[in-house]
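Sequence positions, counted from 1, serve as the residue numbers for this chain. Computed from a predicted structure; not experimentally measured. The basis for the numbers below is simple: all heavy atoms, side chains too, and nothing from hydrogens, waters or symmetry mates.
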Amino acid sequence: MGNSGNSNDKTLRFSLPTPLNGLDSATITDEYSITVVGNAGEGLMRADKNGKPQPALAKSVKSSSDGKTWTIKLRNGLKWSDGSKLTAKDVVYAWQRANDQKTASEYAYLYSGIKNADAIQAGKVDKKDLGIKASGNTLTVSLEKPMPQFKSLLTFPTFFPQKQSFVEKYGKKYGTTTSKTLYNGPYTFKGWNGTNNKFKLVKNKYYWDAKNVKTPEIDLQVVQKPEVAVQMYKTGKLDSALVNTPQLSQANKTNKGYRITPQATTVFLAYNQSGNVKALNNKKIRQALNMVTNRSELNSQVLSGTSTPATSFTPKGLSTVNGTDFATYAKQDYTYNKSEAQKLFKEGLSELGEKSITLEIEADTDRVANAKDVVNYLQGQWSKNLPGLKVTEKFVPFKQRLQDGTDANFQVMLTQWGADYAEPTTFLDLASTGNANNYNHNSNADYDALWNKAKGADATNDTKRAADEKGLEKIIHQEAILNPLYYQAQPELVNPNITGFYHHAVGVPLDFKLAARK
């Protein structure tokens, strides 16, 4: 492997696989824009190398005994990148702005549970009534219900502070170029005009922890073709490259810079149970599809072993229960069983009064990695092993897939969900009745009752809440509400001479704060 310059060159060089879509932390829509924001901005807390929230802008974050009031004290002397003071009022403004309907923040739903957040987003309450108040350097946050994920949320860009005068100065153009963005994190952004694909992160001298930022400059460039990024890495032009196809992974797995990072993302099949697809409202049909899905074979033959076959909807690496990974604690029996699947499918057809059915699997062409290969595999396996089933395929752009999911305009959909915070409810919410991201369009009274218990009476008791969440995984499995396929991971090449560069499973994907060349 080549190096990235001479031994005195401290500059690091990384690639992004997609162009940036804006840097406004309230409205960011791309995970690599989140990366840039998360390195040029910072929240009240920041994830450490193990993904655990640690105080950042805040020097302390404390909860009341009932979990419904949080007191947050900021560090003294915080500054924006223009040298102006960063205050608790900047946090209040940012949170109110994120909940404002006019902002149309993609991640506003994460505020649900904070007093009046839902009502503000619905236009029923003024944003000034959001449950956050500032007094000097102290913030008081009032919740409508306990939120075990609260500290994790404080690491996410939608909760970062914003300076009101600066935002209002640029209006709709705020966050669209380097000069129209203000920073409070380890780096500032330089040389991005909104459309160019080469730019820099430059050390922020006003950052509160600047002494621990070792690298003065990080060069970034968009390289959309992974094979090109890999070649640039091998010739020393990049310090990291994603190897996000099975072919590239296989070809590079012996390289000493090769590593696989868990992403806390589950790729799964949503079954449309809105009533629009008669066959999928039959539990035995859904159970048969789950049982005839050979997850181990899919992982080994299609994904080259880079992911982990799912045994729960919540992925591994997200959280623990008394030291045990939640995915292990809540494991369900998602084993391949062709004979039982055929029996259930035959019974399901009989209940429907049908001798055969056709199901269409829809997937996008630009977001779920290896989608075509996965759908082709499922089509072949299902059609071969379930007599009476014909499977067709439909590929659409990502935005259309999202709209089809919302409108229940599909039959079976290949989709994925990545954690917004480090707690199983970020996944389990998706099977609750009425959730905006519930593409299964299912409604299960037992599930909803247990869900309400987990986020209500048991929310502040980690042991009881974990038991509830395991029960929710059991219902998802027994009712075949959806079909978890695999936990996605990110194979990548990283220069072995780079230290302190973290690929987080939750929140900001890439963390450059402590990155440095040996």
Side-chain angles (χ1 to χ4, degrees), residues 109 118 122 266-293 310 313 332 334 340-364 368 371 375 378-379 382-383 386-417 427-452 471-485:
Y109 68 89
D118 293 334
T266 300
V267 176
F268 66 100
L269 295 174
Y271 295 138
N272 187 344
Q273 295 153 65
S274 67
N276 294 347
V277 187
K278 183 180 177 182
L280 292 177
N281 273 85
N282 184 284
K283 182 170 74 171
K284 290 181 179 178
I285 296 292
R286 300 194 307 271
Q287 289 175 326
L289 296 175
N290 280 12
M291 284 188 181
V292 83
T293 302
F313 184 35
Q332 302 296 315
Y334 282 102
E340 182 63 19
Q342 290 175 341
K343 175 178 174 291
L344 285 167
F345 190 73
K346 185 176 180 180
E347 291 174 358
L349 287 179
S350 178
E351 291 175 3
L352 293 169
E354 302 286 351
K355 293 185 177 180
S356 64
I357 57 172
T358 299
L359 291 175
E360 178 181 79
I361 304 177
E362 178 175 325
D364 67 70
V368 178
V375 172
L378 292 171
Q379 180 192 42
W382 284 5
S383 299
L386 291 178
L389 175 62
K390 179 181 179 181
V391 180
T392 61
E393 302 177 352
K394 180 181 180 181
F395 295 98
V396 299
F398 172 65
K399 288 185 177 179
Q400 183 180 335
R401 177 173 69 76
L402 289 183
Q403 193 61 53
D404 287 347
T406 298
D407 297 341
N409 183 31
F410 72 97
Q411 295 184 350
V412 179
M413 178 180 288
L414 179 70
T415 184
Q416 65 183 22
W417 187 259
F427 283 86
L428 300 174
D429 196 6
L430 268 65
S432 64
T433 301
N435 181 280
N437 295 302
N438 182 350
Y439 291 164
N440 307 291
H441 298 275
N442 65 286
S443 182
N444 183 291
D446 291 339
Y447 191 94
D448 291 342
L450 192 54
W451 167 250
N452 288 329
L472 293 171
E473 289 281 5
K474 184 177 181 180
I475 294 173
I476 289 174
H477 173 255
Q478 290 180 339
E479 297 296 316
I481 291 174
L482 51 82
N483 186 344
L485 298 176

Determine whether a donor-acceptor pair (N or O, by modelled atom type, separation under 3.5 Å) exists between the side chain of [X] and the backbone of [Y].
X      : Y      : value
Arg286 : Leu280 : yes
Asn442 : Ala431 : yes
His441 : Gly405 : yes
Asn276 : Ala408 : yes
Asn452 : Asp448 : yes
Ser350 : Lys346 : no
Gln411 : Asn272 : no

Can you name the nearest heavy-atom pair linking [X] to [Y], along with the distance?
X      : Y      : result
Val292 : Leu386 : CG1-CD1, 3.7 Å
Asn440 : Ala270 : OD1-CA, 3.2 Å
Ala341 : Ala288 : O-CB, 3.3 Å
Thr415 : Arg401 : OG1-NH1, 2.7 Å
Lys284 : Asn282 : N-OD1, 3.0 Å

How many angstroms lie between atom [atom1] of [X] and atom [atom2] of [Y], to the nearest 0.5 angstrom?
X      : Y      : atom1 : atom2 : result
Trp417 : Asn437 : CH2   : CG    : 4.0 Å
Ile285 : Leu289 : CD1   : CG    : 7.0 Å
Gln379 : Lys390 : CD    : NZ    : 9.5 Å
Leu269 : Met413 : CG    : CE    : 10.5 Å
Leu349 : Leu344 : CG    : CG    : 11.0 Å
Leu482 : His477 : CG    : NE2   : 11.0 Å

> Should the ring pair Phe268 and Phe313 be called parallel, tilted or perpendicular, given that the plane angle runs from 0 to 90° and is split at 30 and 60?
Replying inline: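 It falls in the perpendicular class, over 60°.
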> Using 30° and 60° as the class limits, which term best fits the ring planes of Trp382 and Tyr271: parallel, tilted or perpendicular?
Replying inline: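 Answer is tilted, since the angle falls between 30° and 60°.
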> Going through the checks in order, is the side chain to side chain contact (heavy atoms under 4.5 Å, CB included) test met by Tyr447 and Leu428?
Replying inline: CA-CA 10 Å; Tyr447 191 94; Leu428 300 174; 3.6 Å; yes
> With a 4.5 Å limit on heavy-atom distance, are the side chains of Thr392 and Ile361 in contact?
Replying inline: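 SC-SC contact between Thr392 and Ile361 ruled out.
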> Tell me, do Phe398 and Val368 make a side-chain contact under 4.5 Å, heavy atoms counted?
Replying inline: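 Phe398 vs Val368: side chains apart.
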>> Between Tyr109 and Asn435, do the side chains contain a donor N or O and an acceptor N or O under 3.5 Å apart?
In response: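 No, Tyr109 and Asn435 have no side-chain donor paired with an acceptor closer than 3.5 Å.
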> In terms of side-chain heavy atoms, does Asp429 have a donor or acceptor partner in Ser432 at a distance below 3.5 Å?
Replying inline: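 The criterion, which ignores hydrogens and geometry beyond distance, is satisfied for Ser432 and Asp429.
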>> With side chain to side chain contact (heavy atoms under 4.5 Å, CB included) as the test, pick out the partner of Leu414 among Asp364, Asn483, Val267.
In response: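 Single side chain to side chain contact (heavy atoms under 4.5 Å, CB included) partner of Leu414 among Asp364, Asn483, Val267: Val267.
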> What residues form a salt bridge (Lys or Arg N to Asp or Glu O under 4.0 Å) with Lys283, not counting sequence neighbours?
Replying inline: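 Counting only residues at least two positions away or on another chain, Lys283 forms a salt bridge (Lys or Arg N to Asp or Glu O under 4.0 Å) with Glu479.
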> Does the pair Val412 and Leu378 meet the rule for a side chain to side chain contact (heavy atoms under 4.5 Å, CB included), with working shown?
Replying inline: CA-CA 11 Å; Val412 179; Leu378 292 171; over 6 Å; no
> Where do Leu472 and Phe427 land on the side chain to side chain contact (heavy atoms under 4.5 Å, CB included) test, with the steps shown first?
Replying inline: CA-CA 10 Å; Leu472 293 171; Phe427 283 86; over 6 Å; no
> Do any pairs count as a side chain to side chain donor-acceptor pair (under 3.5 Å) and have a residue in residues 354-363, sequence neighbours left out, and if so which ones?
Replying inline: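 For residues 354-363, and leaving out neighbouring residues, there are no side chain to side chain donor-acceptor pair (under 3.5 Å) pairs at all.
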